[in-house]
Amino acid sequence: MFVIEDLISTGKSSWQVVQALRAAGLPNCGLVSIFNYGFDELPGAFSAEGIKTRSLTDYSTLIALAVEKGSVNAHSRNTC
């Protein structure tokens with residue numbers, strides 16, 4: 001079973017859902033999101049609990065694409 005999220009920022013709400021599913025007897029659930037901000041602590045926190053996570057894209061990929069397409073210049077990229 002997988003929890004599907006549109007956006008993961010801190011991971012708090014996703015974590016609460018996973019914990020509720022575990023409490024209901026579904027211990028082996030994963031987490032899939034459309035987008036995440038790529039905060040360093042997220043993968044480690046979920047991984048430490050045996051929760052596999054996948055995201056379709058993340059913030060660094062979004063910004064890199066915006067620079068490539070000219071929507072964001074290199075200077076603005078470094079201030080984001």
Side-chain angles (χ1 to χ4, degrees):
M1 171 175 278
F2 284 92
V3 174
I4 300 173
E5 284 277 10
D6 56 349
L7 167 69
I8 299 175
S9 56
T10 64
K12 183 178 176 182
S13 62
S14 302
W15 180 254
Q16 290 171 339
V17 171
V18 168
Q19 292 299 87
L21 290 172
R22 285 182 166 184
L26 300 166
N28 298 322
C29 55
L31 176 63
V32 178
S33 70
I34 296 169
F35 184 87
N36 79 64
Y37 282 104
F39 295 139
D40 292 336
E41 54 277 349
L42 286 179
F46 285 105
S47 179
E49 292 294 323
I51 301 166
K52 294 182 181 181
T53 62
R54 295 283 187 261
S55 292
L56 296 179
T57 194
D58 59 22
Y59 183 78
S60 61
T61 303
L62 176 70
I63 295 299
L65 183 60
V67 169
E68 180 183 315
K69 299 290 184 184
S71 299
V72 173
N73 63 38
H75 174 72
S76 296
R77 175 186 187 163
N78 294 330
T79 61
C80 293

If hydrophobic clusters are built by linking Ile, Leu, Val, Met, Phe, Trp and Tyr wherever their side-chain heavy atoms come under 4.5 Å apart, do [X] and [Y] end up in the same one?
{"X": "L26", "Y": "V18", "answer": "yes"}
{"X": "F39", "Y": "V17", "answer": "yes"}
{"X": "W15", "Y": "F2", "answer": "no"}

Atom pair [atom1]/[atom2] of [X] and [Y] - distance to nearest 0.5 Å:
{"X": "I34", "Y": "T57", "atom1": "CD1", "atom2": "OG1", "value": "11.0 Å"}
{"X": "T53", "Y": "I8", "atom1": "OG1", "atom2": "CD1", "value": "7.0 Å"}
{"X": "S47", "Y": "K52", "atom1": "OG", "atom2": "NZ", "value": "10.0 Å"}
{"X": "S13", "Y": "L7", "atom1": "OG", "atom2": "CG", "value": "8.5 Å"}
{"X": "T10", "Y": "N36", "atom1": "OG1", "atom2": "CG", "value": "11.5 Å"}
{"X": "I51", "Y": "N28", "atom1": "CD1", "atom2": "CG", "value": "10.0 Å"}

| said: Using side-chain contact (heavy atoms from CB on, under 4.5 Å), reason through L21 and V3 one step at a time and then give a plain yes or no. | reply: CA-CA 9 Å; L21 290 172; V3 174; 3.5 Å; yes
| said: Tell me the closest heavy-atom pair linking S14 and F46, and the distance in Å. | reply: CB-CZ, 4.2 Å
| field | Distance-minimising heavy-atom pair for E49 and R22 | value |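 Looking at all heavy atoms of both residues, the shortest contact is O-NH2, 2.5 Å.
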| Tracing side-chain links under 4.5 Å among I, L, V, M, F, W and Y, which residues wind up in one group with L65? | none
| field | Residues in side chain to side chain donor-acceptor pair (under 3.5 Å) contact with T61, at least two apart in sequence or another chain | value |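 D58.
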| said: Tell me whether the rings of Y37 and F35 are parallel (<30°), tilted (30 to 60°) or perpendicular (>60°). | reply: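 Aromatic pair Y37/F35 classed perpendicular.
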